[in-house]
Each structure stands twice: as C-alpha cells, then as structure tokens.
*Asks:* 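Below is the structure I would like to discuss, written out as structure tokens.
Nothing fancy with the numbering, it's 1 onward along the sequence. Note that these values count all heavy atoms, side chains included, but never hydrogens, waters or copies made by symmetry.
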Amino acid sequence: MCTLHVPLLAILVSVALCQYYDYDYPPVSVLGPSGPNCHQECDCPVTFPSAMYCDSRKLKVVPVVPTGIKYLYLQNNQIEEIKAGVFDNVTAGLRWLVLDNNQITNGKIEKGTIDKLTALEKLFFSYNNLTEPIIPPSKSLDELKMMHNKLNKFPSGLLSDKENLTFISLQHNQLTSEAIAGAFKGSKKLMSLDVSHNKLKKLPAGVPSSLEILYADYNDIEGVGTGYLNKLPKLQYLRISHNKLVDSGIPSGVFNVSTLVELDLSFNKLKSIPEIHEQLEQLYLQANEINKIDLSSFCKYIGPSNYSHLKHLRLDANNVTSSNFPIDYSQCLRQNPDIMFE
C-alpha cells in the first residue's frame, strides 16, 4: 500500500502513484477546499485541481465532468448508467477513470461516453455487471482492470491497437478459452495477465511474447500445450493452481525454461513432479497426488555448475515424505532449499 506523507508535494505525488485498489488518498479536507469548476456532488481540491472525487456519494449516474479533470474517482456508488455527453469536456484529457463497485451493465453505457476517451491511461471497471469489456479508443491505455464482473466474451481485435497496454486483470468472471482466443493480440508491451477464477480449459492462446506474469488459478485447465512457454521468452511467474492438471496433460520438459522464477502447480491432480529448469527458485506442488520423487525432475545433469537453484519447495498434502528423497539429493538441491512436507 502506498503511504502518503506531508508536505503537500509528497501528498500529491502519492495520490497520483498509489495503486487504484487502495484508493489511498487523503480526505478532501486535507487537500483543501473544492475549486469552483467542479460538479456540485463532487470535490475538486484547489491543491489538486486535475482530480475530481465523486466516490462513495450514492450517485446513480456519472456526473458531467468539467474541463481540466484528468483523474476521476467514481468508485463505491450506485451508478447504473453512463449517459452520453458526460465526458465531452475531457475527451482528450481524462487519464484515469475509476468506476469500481457500481452496478453498471453494457446496455446502460451510451455511445459518446467511454468510446470518446482518446487519452485514457487507466480504466478500472471492477465489481460491476459487465458481460463484455468496454475498451476506450485511447492508444495510451496501459492498465485495464475488469475483475468481478460477468464477462463471458472478449471479442478478438479489441486490443489490436493498444501497444502500450501493460497490465490486464480479468479475474472472477465467466470467460472460457474460446471467449478469449486472440483477445490479447496487439498488446506488444503486455507484462501481466490475470485470468484466474474463470472457466478456462487451457492457458490463454495468442498472448504476446512480452508477458512476464501469467496467473490462471482456479480454472478447469487439464494440461499445458507443448512448447507453450517457449513462446513466452520473458515469462517469470506462472500460476496454475486449483485446476485439473494431470500428468498426461504435462508434456515432457514443458516447464523446463530458463526464465521461470516461480511456478505454482498446487491443488491439482499430479502424481509426479514435472521436469523444471535448474534456474527455478520457487516451486509449489502442495495438495496434489505425488507419490514419488525423482531427482531428474530438478537436475537433468549434475556437475560443478549444473544444479538446482530452488529456494522453496512445497510438497505438503501429497503422498511423499522426506524419506522419499534419494540419499544424494544434496548434490542436486545444492542451495539447501526450504522443503515443506507437512
């Protein structure tokens, strides 16, 4: 969580940089009185005139946004619709739009609203009732969060010109593998994609090679396609916990890639430990059905410079104990990792 400090300059910088889900800005009273160019139901502090705070006001509709506003906070209201014209004064200036925790549906978003925002950088639209994503025309969009909606489709091509998009969070929706096929093409700078808590049967296809973080926990994934990770040369963090992974769905060496730092395969149905690269540092395998330990899973070769760099290994809630490790395991697991069996 970002921490806000005085003097005033630090407060303003923190307001601009804090993660949206914290809404960690000081009370409007701290920032001073509201300026004259503001909607009557909101606050636009004279010390931070480019922000309009309309959060937690029991609003039913989005108010008309005055000229000069770049950061608009509308979270925690009862907004059901967005009427045409409310953004006409800021179509080329609005940078942040926070609409979390409202009651907005696709049918209640009129044309001439979000579809006119050409400079938007962050769109936070979580905890609403959307069935498909609402994407602004802005090529500057770098963060898109639509968690906890009812998304069941994500048409291909919506992000085709979003070359600056870096973070996408779509967890807790109703997306299937077919629904997101080709959805992320065009996002050449995408670093983080979270599609956990959906209805995927396989890892998302067509994700850009720039991806560094992929979370797909709590889906119905049974396997990983051969060579899937080879198409993601920068991937460092992969989580596929709480799925339906079985040994037959894990091709030989599919996780044996040098870039991975963390791999979470916990709460699945694996009976053996898949082959990993010696550079992997964190491996989570708890709550599977593992009944054997083969050192070749960690070290294909053992030598002066060939050994596992594992620092943390979880094997609890499986059918193995420390006695299942070969006596000479220390030659492979030379970093003396923290291994959990209970």
*Asks:* Would K244 and E222 satisfy salt bridge (charged side-chain N to carboxylate O under 4.0 Å, His left out), going step by step from the backbone distance to the final call?
*Replies:* CA-CA 5 Å; K244 299 177 180 179; E222 297 180 350; 5.5 Å; no

*Asks:* Report the distance from atom CG of L265 to atom CD1 of I290, rounding to the nearest 0.5 Å.
*Replies:* 8.5 Å

*Asks:* Kindly compute the distance separating OG (S138) from NZ (K162), expressed to the nearest 0.5 Å.
*Replies:* 7.0 Å

*Asks:* What are the two closest heavy atoms between H242 and N268, and how far apart are they?
*Replies:* N-ND2, 4.0 Å

*Asks:* Strictly by modelled atom types, are N101 and N76 linked by a side-chain donor-acceptor pair under 3.5 Å?
*Replies:* yes

*Asks:* Considering only NZ, NE, NH1 and NH2 on the basic side and carboxylate oxygens on the acidic side, decide whether E289 and K269 come within less than 4.0 Å.
*Replies:* no

*Asks:* Only one of L229, L238, L235 clears side chain to side chain contact (heavy atoms under 4.5 Å, CB included) with L263; which?
*Replies:* L238

*Asks:* How about Y329: does its OH atom have over 12 heavy atoms from other parts shown lying under 6.0 Å from it?
*Replies:* no

*Asks:* If only atom types and distance count, is the side chain of N149 paired as donor or acceptor with the main-chain N or O of N128 below 3.5 Å?
*Replies:* yes

*Asks:* Quick one: closest heavy-atom pair of I250 and P274, and the distance?
*Replies:* CG2-CB, 4.0 Å

*Asks:* Count the heavy atoms of every other residue, nucleotide or ligand shown that sit under 6.0 Å from CZ of F325, and state whether that count exceeds 12.
*Replies:* yes

*Asks:* Checking salt bridge (charged side-chain N to carboxylate O under 4.0 Å, His left out) for the pair K83/E110: CA distance, chi angles, key distance, verdict?
*Replies:* CA-CA 5 Å; K83 295 183 177 181; E110 296 185 8; over 6 Å; no

*Asks:* Working to the nearest 0.5 Å, report the span between CG of N152 and CG of L130.
*Replies:* 11.0 Å

*Asks:* State the CG-CD1 distance between L310 and I339, to the nearest 0.5 angstrom.
*Replies:* 8.0 Å

*Asks:* Kindly give the heavy-atom pair with the smallest separation between S305 and E278, and that separation in Å.
*Replies:* O-OE2, 4.0 Å

*Asks:* Please name the pair of heavy atoms, one in E41 and one in L59, separated by the smallest distance, quoted to 0.1 Å.
*Replies:* OE2-CD2, 3.4 Å

*Asks:* Evaluate side-chain contact (heavy atoms from CB on, under 4.5 Å) for D294 paired with I273, printing each intermediate quantity in order.
*Replies:* CA-CA 7 Å; D294 189 338; I273 300 174; over 6 Å; no

*Asks:* Taking N219 for the side chain and D217 for the main chain, is one N or O donor matched with an acceptor at less than 3.5 Å?
*Replies:* yes

*Asks:* Check step by step if salt bridge (charged side-chain N to carboxylate O under 4.0 Å, His left out) holds for D142 and K122.
*Replies:* CA-CA 6 Å; D142 63 39; K122 300 184 186 299; 3.1 Å; yes

*Asks:* How many angstroms lie between CG in N291 and CG in N324, if you round to the nearest 0.5 Å?
*Replies:* 8.5 Å

*Asks:* Do the rings of H197 and H172 sit parallel, tilted or perpendicular, given the 30° and 60° boundaries?
*Replies:* parallel

*Asks:* Rounded to the nearest 0.5 Å, how far does CG of L158 lie from CZ of F184?
*Replies:* 10.5 Å

*Asks:* Flag this pair as yes if the NZ/CZ of R239 is under 6.0 angstrom from the six-membered ring centre of Y215 and inside a 45 degree cone about the axis; otherwise no.
*Replies:* yes

